[in-house]
Amino acid sequence: MCSDSGKTRLIIDVGMPLVSSSGTPFEWNLYKDLPQEQLLKQKILPAVNGLYNHQKPSVAAVILSHAHQDHYGFFRFIHPDIPLYMSQGTKSLVEVSNLFLGTGVNLDHSQIFAMWQPFRVEEFTITPYLMDHSAPDAAAFLIEADGQRLFYTGDFRGHGRKRLLLERLLASPISNVDCLVMEGSMIGRDEGQYPDETAVEQAIYNVIAGQQSYTFVFCSSQNLDRLVSIYRAVKRAGKMLVIDLYTAFVLDKLGSISSNIPQFDWGEIRVLYAYSHAHKLAECDKKLLYKYKQAKVGWEEIKATPQDMVILSKDNFYFRRITLPKLGASGGARAIYSMWHGYLERTDLPQFLSSHNIELVEIHTSGHAYVEDLKKLACTLNPRCLVPIHTFYPEQYGSLYKNIVQLDDGQVYYL
Ligand SMILES: [Zn+2]
């Protein structure tokens with residue numbers, strides 16, 4: 001965004017694409033060794049002058065809506081002198097990902113904003129709104145400058161654990177919005193079997209309550225709503241949730257945003273130590289290894305009562321080559337896949353589990369708003385124009401609202 005004077009430019013989110021221009025999953029590994037100039041030339045990085053490490057910085061600030069890779073995956077290329085604004089929860093997740101996943105974001109010039117508290121970046125006034133999304137502490141932004149008001153939704157939904165946030169926004173909408181920039185991930189996508197997080201929690205409970213052997217739950221450790229659903233189902237079923245050190249660290253870091261976030265020292269949670277995680281954590285702070293030790297669980301303990309163990313899992317080397325061999329054959333083990341179905345289609349996990357006689361069930365609800373909620377938000381905010389983003393079907397926005405302005409990448413639009 002640029003102010004009328006042309007002096008101040010503001011960037012919202014600098015994400016890594018989920019799909020390539022040909023529509024296949026985007027493979028960062030194919031590009032990661034290229035110099036920035038090449039990444040720009042090949043249009044992998046968006047063409048924004050004065051944003052990147054190798055350029056003279058001329059962007060006033062970058063604001064980040066939430067900690068998903070498709071929103072901050074290219075932050076590593078931002079010039080270190082440009083301030084980065086984000087919520088506390090988002091910053092915590094970026095720090096965790098820097099440590100464990102090597103996302104390489106320089107947070108030296110990061111600034112924390114508080115939800116619903118306006119802050120200024122030169123000619124812009126920005127008010128963050130806490131939104132319901134699968135990433136915790138996700139924000140939408142009301143951005144005001146030169147008498148114009150733009151509302152950027154970020155990613156959001158109305159069927160998660162914080163669904164009240166959307167209800168409140170609809171009940172007392174922001175007035176005089178000139179431009180609504182709204183995501184539409186669910187346009188053209190199947191809504192699936194489970195309408196909300198409550199349905200997901202119940203379905204997980206139904207699976208684990210009657211289990212006579214291990215349950216493996218495949219879920220992102222940064223999807224806080226889902227971890228809470230799993231934790232609640234485990235607690236209700238009187239079972240034990242086994243998490244890894246990485247997850248313990250994520251929950252610990254996010255503990256500062258809410259006291260309702262499950263923690264390693266809660267009664268139903270135990271922590272499994274993997275060497276690679278312990279090594280990473282020690283790099284950050286060795287004391288953490290001692291801190292989480294009080295909840296440490298060993299293989300023998302897990303094997304003693306398999307029917308009680310709900311093991312948070314990732315489809316990786318550790319699960320395939322260490323966890324399963326360590327636990328040995330155990331008839332009746334089941335796996336719950338609690339992530340977007342599209343990810344499952346990219347792996348041979350179903351075949352792998354089947355070859356180990358582990359039954360797979362999918363229990364998931366989207367992190368993105370249903371079409372009905374998109375329509376409600378657009379009609380309630382009643383902006384002068386609506387710009388589609390974060391969607392495969394911008395041409396379908398016409399069924400949601402009247403004044404759609406469909407923009408191509410890099411196209412300039414004057415409000
Ligand atoms: Zn997201």
Side-chain angles (χ1 to χ4, degrees), residues 11-19 25-26 28 46 62-76 84-98 100-101 103 105 113 115 128-141 151-163 165-166 169 180-192 194 196-197 200 218-229 250 253-254 257 261 338-344 346 364-371 373-374 377 387-394:
I11 302 291
I12 314 168
D13 296 344
V14 187
M16 189 183 285
L18 291 174
V19 290
F26 179 78
W28 174 236
V62 178
I63 52 175
L64 174 57
S65 61
H66 65 284
H68 275 163
Q69 282 294 303
D70 57 330
H71 291 256
Y72 83 100
F74 285 153
F75 265 47
R76 71 191 78 182
L84 309 174
Y85 288 82
M86 60 193 79
S87 67
Q88 181 57 61
T90 296
K91 184 175 178 186
S92 296
L93 289 180
V94 174
E95 285 171 342
V96 172
S97 296
N98 269 349
F100 279 88
L101 311 171
T103 34
V105 180
F113 56 66
M115 296 296 174
Y129 283 70
L130 180 63
M131 299 299 269
D132 181 21
H133 184 43
S134 44
D137 225 16
F141 301 113
F151 190 69
Y152 169 86
T153 63
D155 288 356
F156 76 103
R157 63 176 169 180
H159 57 272
R161 298 206 157 270
K162 300 176 296 300
R163 63 196 313 157
L165 294 165
L166 183 64
L169 194 56
L180 172 62
V181 180
M182 185 172 77
E183 74 123 318
S185 311
M186 286 304 284
I187 297 175
R189 235 193 229 180
D190 183 5
E191 289 185 5
Y194 302 99
D196 53 30
E197 280 297 330
V200 165
F218 290 82
C219 162
S220 160
S221 296
Q222 299 199 6
N223 183 343
L224 192 56
D225 269 23
R226 189 58 43 83
L227 289 181
V228 171
S229 298
V250 169
K253 293 276 283 180
L254 290 173
I257 61 170
I261 295 170
S338 202
M339 297 168 79
W340 178 47
H341 178 75
Y343 294 135
L344 194 58
R346 296 175 191 177
H364 181 59
T365 194
S366 176
H368 299 275
Y370 296 137
V371 172
D373 287 332
L374 295 173
L377 184 64
V387 177
I389 53 160
H390 211 288
T391 180
F392 289 113
Y393 302 100

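Order of listing sets the numbers, starting from 1, for every ligand and every atom in it. What you see is a predicted model; the values in this text were computed from it and never measured.
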Any side-chain donor paired with an acceptor under 3.5 Å for [X] and [Y]?
{"X": "Asp196", "Y": "His159", "result": "no"}
{"X": "Thr90", "Y": "Tyr85", "result": "no"}
{"X": "Ser220", "Y": "Gln222", "result": "no"}
{"X": "His133", "Y": "His68", "result": "yes"}

Return the set of protein N, O or S atoms whose distance to the Zn ion (ligand 1) is under 2.8 Å, each given as residue and atom.
His66 NE2, His68 ND1, His133 NE2, Asp155 OD2
Flag, side chain of Ser97 to backbone of Thr103, donor-acceptor distance under 3.5 Å:
no
In this structure, OG of Ser185 is separated from CG of Asp70 (nearest 0.5 Å) by 8.0 Å
